[in-house]
Amino acid sequence: MLDITLIREKPDWVKDQLRKLNDEAAVARIDKILELDQRRRALLTEVEQLKALRNNLSKATGQLRGNKKLEVGVKHATAQAVIAALEADDYQKAQGFFENPPQHGNSATEAEFQETMNTLFARLGGLGDKITALDEQVRGVEEAFYEEQLWVPNMPHASVPVADSDEANIAHPVQGEIRKFDFKAQPHWELGPALGIIDFERGVKIAGTRFYILAGMGARLQRALINFLLDELTTLWNFEELYVPLMVKREAMYGSGQFPKFVDTSYPLADLDMYMLPTAEVAIANMLSGEILDEASLPRNYVGHTPCFRQEKMSAGRDVRGIKRVHQFEKVEMFKLASQDTSYDEMEKMMQIAESMIAKLEIPYRRLEIVTGDLGFTATKKFDIEMWAPGCEEWLEVSSISNTEDFQARRANIKYRPSDGGKAKFVHMLNGSCLGIPRTVIAIMENYQTADGAIVIPNVLRPYLGGQEIIEPKG
RNA sequence: GGAAGGAUGGCUGAGCGGUUUAAAGCGGCGGUCUUGAAAACCGUUGUGGCGUUAUACGUCACCGGGGGUUCGAAUCCCUCUCCUUCCGCCA
C-alpha cells in the first residue's frame with residue numbers, strides 16, 4: 001500500500017511511475033482514490049463535528065440531571081431552554097444554556113423535572129440519527145477507498161532501469177566456470193527418471209500434472225541441500241530459523257500483497273477461508289503484524305524452509321517438462337525487517353549471501369537486474385540470481401531478492417520505534433530466496449552429470465549424505 | 001468435544017451506565033538535588049484519522065475483534081477469537 005499523502009500531493013508523479021510498470025489499470029485508480037479521499041475527508045469533518053456536539057451535550061445533560069447544587073426549578077428552566085434550542089436545531093445555543101443556566105428558576109417539582117429530562121433525551125435522539133446516517137456513508141466511502149488502494153502496486157526505486165518487458169532485464173557478468181561438455185549434456189527430465197530419483201508418472205498419477213515424486217537419492221539430495229542452506233544461514237549469517245504454518249488466513253495474503261491481485265494463483269482450502277502457503281514470505285511478513293519493534297532489534301533476519309503451493313495458472317502450457325515449474329516445491333526463504341536507512345544495504349547483503357551458497361555449490365551463476373516492466377507488485381527494486389543449466393540450456397531463476405520498503409509494512413502494519421525516540425516508522429521489509437530448491441537440484445544434476453548418466457555430488461553436500469560422492473545408475 | 005471463568009495503556013491492576021480527561025502502582029523519559037550514582041521529590045508518558053495559523057493546537061476513534069441496545073457504553077446484550085482451570089479424547 002502506498003502512503004496516501006504521496007498520492008494526494010504528487011498524483012502525476014505516481015501515475016508516471018505506474019506507467020513505467022505498465023499498469024494502466026492502476027493509473028486509472030489514482031483519480032478514483034483522490035476523489036474518494038476528498039469525499040471521505042469532507043464526511044469525516046462533518047460527522048466529527050456532530051459527534052463532538054453529542055459528546056458535550058450528553059455529558060452536560062447527565063451532569064444537569066445529577067446536579068445537587070442547583071434548585072430543581074433552575075434545572076427545569078435550563079432543560080426547557082435547551083429543548084427549545086434543540087428544536088430550533090441550534091446546538092451551540094443549547095450548549096450555552098448548560099454552561100450558563102438561567103438566573104431564575106420556575107416552580108417545577110422533581111417529578112416535572114424528570115418528565116422534562118425525558119423530553120430532552122428524546123430531542124437528543126435526532127442528533128444521534130444524523131450521526132448514524134453519516135457514519136454509514138463514511139464506512140461505505142472508506143471501504144471503497146481502501147479497496148482501490150489494494151490494487152495499486154509499489155513505486156519503483158529511482159535506480160531501476162525503465163523498460164517494458166523481462167527481455168530487457170540486465171544480466172551482470174557470469175560468475176564461475178561454465179563447463180564444457182565432451183558429450184551431449186542431458187536435461188534433468190532425462191537424467192532423473194533414468195537414475196530412478198525423479199518419478200514423474202507416479203507423481204501425476206496421485207496429484208495430477210506438475211506434480212512429481214523424488215525417490216531415493218533424489219529425495220535425499222534435496223534434503224541435504226536444504227540442510228546445507230539452513231546451516232549456513234543460521235550459523236554463518238545470523239539468521240533465525242522459523243518453522244511456520246503452511247496454511248494462512250486471508251488477511252495474511254493481503255498483508256504481504258498476494259491478494260487481491262493474485263487470488264488466482266493461490267490454493268484456497270474449501271470452506272475454511274484459509275490458503276495454502278505460496279511462499280514462506282507470507283507467513284513471516286505477517287508474523288509481526290500490528291507490532292512496534294525497537295530500532296535496536298533491527299535488522300531482523302529470518303529464514304524459513306517451507307513447501308510452496310502455487311497454481312501457476314499464468315504459465316499454463318509453459319515449462320511443462322521437468323521440475324522447473326511445479327505446483328508444490330521446497331524453498332528456503334530469507335526475510336529481513338530493516339530500518340528505513342539501511343534496507344538497500346541489507347538487500348545487497350542478501351544477494352551476497354545467496355551468491356555465496358551458489359559459489360560453494362560450484363555452479364555458474366549471474367545476477368539479473370530487473371527492469372520496471374518486470375518488477376512485480378510489491379517490490380521497489382528486485383534482483384534475480386540465475387544458475388546455468390546446461391541440460392535444458394537455460395538460465396534458471398533460483399533466487400529473487402526484493403526490497404518492498406514500507407509497502408508490505410503498511411498493509412501488515414509493522415513499525416519500529418527509532419532509537420532517538422521519535423514517532424514510530426514503518427519498517428522496510430525484504431525477501432529473497434536462498435534458494436529455490438527444485439531449480440537448484442536441476443542445476444546440480446545437469447552441471448554435475450557424467451558421460452554415463454551419473455551425477456557427482458557437490459563437495460559441500462557430501463557430509464549431509466554420509467560422504468557419498470556420486471549417484472550412479474542402478475544395476 | 002463438554003463446563004466454568006477471563007481478556008483494560010510497556011507491565012501489574014481498579015473502574016461494571018453520566019459525578020472533568022481510564023484510579024493507583026511499577027517501568028520509561030526529562031528535571032531538581034549530588035563530585036558521580038542511588039534514594040527522594042517534581043513533571044511527563046500510547047496508536048491512528050481529520051482540521052488548522054502544523055515539532056503546536058483542536059477534534060474524533062481505539063479498554064481482545066465485529067455487531068447491537070442507549071440521549072450517553074470500558075461498563076448492558078449478541079457473536080467470534082484467544083487465554084486459564086476442570087473433564088473427555090489423543091500422535
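Order of the sequence lines fixes the chain letters, A, B, ..., with proteins taken first and strands second; residue numbering starts at 1 for each chain.
- Atom C1' of A14(B) sits at a distance of 15 Å from the matching atom of C26(B), rounded to the whole Å.
- Comparing G49(B) with U12(B), their P atoms are spaced 28 Å from each other, to the whole Å.
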Tabulate below the donor-acceptor pairs under 3.5 Å that side-chain atoms of residues 425-432 of chain A make, not counting sequence neighbours, or state none.
from, atom 1, to, atom 2, distance (Å)
H428(A), ND1, S343(A), OG, 2.8
N431(A), ND2, E281(A), OE2, 3.3

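- Side-chain atoms of T5(A) and E9(A) form no donor-acceptor pair, as typed in the model, at a separation below 3.5 Å.
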Exercise for the section: May I have the step-by-step check of ring-ring contact (aromatic ring centres under 6.0 Å, His included) for H327(A) and F211(A), ending in yes or no? Expected result: CA-CA 6 Å; H327(A) 291 315; F211(A) 285 96; 5.3 Å; yes
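- The phosphate of A61(B) has neither OP1 nor OP2 within less than 4.0 Å of any side-chain N or O from R139(A).
- Residue R417(A) places at least one side-chain N or O under 4.0 Å from the OP1 or OP2 atom of U47(B).
- The base of G49(B) is paired with the side chain of E48(A) by a donor and an acceptor separated by under 3.5 Å.
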Which atom pairs, donor and acceptor, lie under 3.5 Å between side-chain atoms of residues 134-141 of chain A and protein residues at least two apart or in another chain?
from, atom 1, to, atom 2, distance (Å)
D135(A), OD1, K51(A), NZ, 3.3
D135(A), OD2, K51(A), NZ, 3.4

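- Electrostatic pairing of E312(A) and R210(A) does not count as a salt bridge here, judged by no charged N lying under 4.0 Å from a carboxylate O.
- Note: CG (L293(A)) to P (U47(B)) measures 14 Å, nearest angstrom.
- In this structure, R41(A) does not reach the G49(B) phosphate: none of its side-chain N or O atoms is under 4.0 Å from OP1 or OP2.
- A salt bridge between D345(A) and K336(A) is absent, with no side-chain N of the basic residue lying under 4.0 Å from a carboxylate O of the acidic one.
- Straight-line distance between the C1' atoms of A74(B) and C63(B): roughly 5 Å, to the nearest whole Å.
- Here Y267(A) and F309(A) keep their ring centres 6.0 angstrom or further from each other.
- Atom P of G66(B) sits at a distance of 27 Å from the matching atom of A3(B), rounded to the whole Å.
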Fill in the blank from the handout: Protein heavy-atom contacts under 4.0 Å, written 5' to 3' over nucleotides 70-76 of chain B as B (base), S (sugar-phosphate only) or - (none), form the string -BS----
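- Across the P atoms, C80(B) and G1(B) are found 13 Å apart, a figure rounded to whole Å.
- Mapping E136(A) and K415(A) onto RNA chain B by nearest heavy atom places K415(A) closer to the 5' end of the strand.
- To the nearest whole angstrom, the two P atoms, one in G27(B) and one in A22(B), are 24 Å apart.
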